[in-house]
Student: 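Have a look at the structure that comes next, please.
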2 protein chains.
Amino acid sequence: MELTERKKQILKIVVDSYIETAEPMGSKAIVERMPGKISSATVRNELADLTDMGYLEQPHTSAGRIPSPKGYRLYVNELMERKSLSAEETEAINRSLSGKMAGMDEVISRAGQMVSSFVGYPTYTVADHRSAATVRRFELIGVDSGSFIAVVMLSDSRVKSQLMALDLPVEQGHLPELSHLLNTHFAGIGAAEMNAHLMNLSDQVDGNWFLLLNRVVEYAGELLRQSEQQEVFTNGASQLLKFPEYRDVDKAHDLMSFMVDNKENLPVPSGDAPMQILIGPENVNDALKESSVVIASYDIGDNMRGLVGVVGPTRMDYATVAARLSYFAESLSAMFGKKNQLPPKEEEE
Amino acid sequence: MELTERKKQILKIVVDSYIETAEPMGSKAIVERMPGKISSATVRNELADLTDMGYLEQPHTSAGRIPSPKGYRLYVNELMERKSLSAEETEAINRSLSGKMAGMDEVISRAGQMVSSFVGYPTYTVADHRSAATVRRFELIGVDSGSFIAVVMLSDSRVKSQLMALDLPVEQGHLPELSHLLNTHFAGIGAAEMNAHLMNLSDQVDGNWFLLLNRVVEYAGELLRQSEQQEVFTNGASQLLKFPEYRDVDKAHDLMSFMVDNKENLPVPSGDAPMQILIGPENVNDALKESSVVIASYDIGDNMRGLVGVVGPTRMDYATVAARLSYFAESLSAMFGKKNQLPPKEEEE
DNA sequence: GTTAGCACTCCGGGAAAAGGAGTGCTAAAT
DNA sequence: ATTTAGCACTCCTTTTCCCGGAGTGCTAAC
């Protein structure tokens, strides 16, 4: 059977309507939205065909039609109108992006929140380190006789620091030497190798020094492990409750706790496409089989990519989500990808 | 009318039962739990009295009784058994606390998660700065000709740092001098005064230097404003869905989105008590009128207190929550309050 | 003060009935 | 060959009604 233009037109009407109302659509309602004159009986024939072909489904014998995953897929690939954002929308997104963000860490964690409130669905974010992070530079700053600040600059240009105190006296004069030691032995290597190097040093340096070095290296190792860990953050899970498909508290609870407790299993993009849409059963994970996910990634320089995913019912408003999400991703890429690792210079306020 | 011992005993049974089952309790069921022999008719008389006195309520004429907020209040103040934790429970809590936590920031944000998973209710956390934060020390570290690291140590011992790049050349040799300038002019003062001081400097120092200083001071100011902002974090909101009182999706949604969008209005402790319980209508906020909140605070040194609140239905298991929460708060205080501002030294793993 | 007995209330669940939206099919029209 | 009108039929949804049970409040006796 052939997928005529008219069939596509009808399919699009059904999907658009179902996305909006979450109600099955019948032949009469379709006629009203069709251009030209056509009878409901004709539409019914077309609907029967579309159902045979697998693009539509019938909740029960005498109900209207709703889109099947296959129907959504066709809709997303061919039928849906690529929306462009209105001036107000781009303006609003720009405004939310222009707020103060102290560093990339914050960008990543905030991006999810911002996207979630803009698209009206829950989101999740991941910082994707293309290559394993290493320490680019150590620096020790003396504070007083018992404590010092360890500053660690990572290969992805993040800088982390922490006050450290030791029970033994920290001789300020030696800190530059110790920094140098750290930089020569522990810069540019992975967390795993650090421990080995540390062992080697254990009998080469003074015991007190070793304790201090050990402490700093442990801290650095922790940072590296953290960044390899690809922590996932979720935002706005409660937005799910707005949708009738999650009026069933158990369904809502299942998905929400999946998003919280099983974050690691949320999908990540498989190809290189800037945006990816996974519809219902296309998701490998059971908990997502009745939901859809839209994933976009953005560049934040230094071999890092941010990833933000939008989760919603299969009846998600793909056109709007895709438009907003891609604008977001592009804006973020523009802000961070270009001027490598620099925070945005904000003029306003 | 007088509140006899027997009335209290009955009240306690009703509250205990209702907390467990969420079902109204009738006179027969009460008799089964009463020691000694007593008839259901007698219990009914007592129930009628307790209802008159406002400690119990009747969902409808021919249903059993449920506790009123006043009943919960009495229960919490006098009746409930102060539970002590089992060895397994303290062990589990200790284990969760012993994990790596890189700094106080992380402690605060993790505490909420840990408590939430331990008590089985959603939580929120606030970092409460007793006194306004200031910068204790600035330090600039040269990286290359165009960039440097700004390290800012705050009065609460947090250390923050960020890589900064400027369009103008950063002369490494001048950084110590600039650090000194920052420390003499901007240490120990609030964010507001910083701007004034900056103005004064604008014509005293070289233009390029000023740009650099400006950048660092702006960063520091942002950090100070952030810490004054008392950001609230919420955790585990989805746990609400477990409770029958939130099977009504709208109620769940109301409370959940309140916890997310109106975080700032979540209650903070009013007195000095280590723990505070707000029951139903005792909450000023409408969204919480049918829920209860248990708040505890813990000491994390340097004039800072962490605050963690547990949110649940009025039928919350106060005894267990209070026991676990106070153990948590005490443990955290012990870890951080004592050895001022130091991260826990973890031996294991 | 306590208890047995009893009439009464009201909720909750299940069955039956009514209503309605929508379909599929047939046969006629284009 | 496609489109259309007509109609019987299906099945969901809502409403109504009925019944059983849990629990109460009251009265009268202990």
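First the proteins, then the strands, lettered A, B, ... as listed; each starts at 1.
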Student: If I take atom CD1 in residue Ile38(A) and atom P in nucleotide dT30(C), what distance separates them, rounded to the nearest angstrom?
Tutor: 17 Å
Student: Closer than 3.5 angstrom, by distance alone: can the side chain of Glu282(A) be matched with the main-chain N or O of Ile279(A) as a donor-acceptor pair?
Tutor: yes
Student: Starting the side chain at C-beta, find the nucleotide from dT3(D), dT2(C), dC10(C) nearest to His60(B).
Tutor: dC10(C)
Student: What is the distance, to the nearest angstrom, from the CZ atom on Arg6(A) to the C1' atom on dT4(D)?
Tutor: 12 Å
Student: From CD of Glu32(A) over to C1' of dA21(C), roughly how many Å is that when rounded to an integer?
Tutor: 13 Å
Student: Please name the pair of heavy atoms, one in Arg315(A) and one in Pro244(A), separated by the smallest distance, quoted to 0.1 Å.
Tutor: NH2-CD, 3.6 Å
Student: Do Tyr75(A) and Tyr55(A) make the cut of ring centroids closer than 6.0 angstrom?
Tutor: no
Student: If the test is side-chain contact (heavy atoms from CB on, under 4.5 Å), which one of Leu255(B), Asn265(B), Thr314(B) qualifies with Leu288(B)?
Tutor: Leu255(B)
Student: Using whole Å, report how far NZ of Lys7(B) lies from C1' of dG1(C).
Tutor: 11 Å
Student: One character per nucleotide, please: for nucleotides 22-30 of chain D, 5' to 3', B when the base has a protein heavy atom closer than 4.0 Å, S when only the sugar-phosphate does, - otherwise.
Tutor: BSBB-----
Student: Rounded to whole Å, please give me the gap between CD in Glu2(A) and C1' in dT2(D).
Tutor: 15 Å
Student: Could you report the tightest heavy-atom contact between Gln9(A) and Pro35(A), atom names first, then the distance?
Tutor: NE2-CG, 3.3 Å
Student: Nearest-nucleotide wise, let me know which of Thr42(B) and Pro59(B) is further upstream toward the 5' end of DNA chain C.
Tutor: Thr42(B)
Student: To the nearest Å, give me how far apart NZ (Lys37(B)) and C1' (dT2(C)) are.
Tutor: 12 Å
Student: Using every non-hydrogen atom in the two residues, find where Ala319(A) and Glu81(A) come nearest and quote the distance to one decimal.
Tutor: CB-O, 3.6 Å
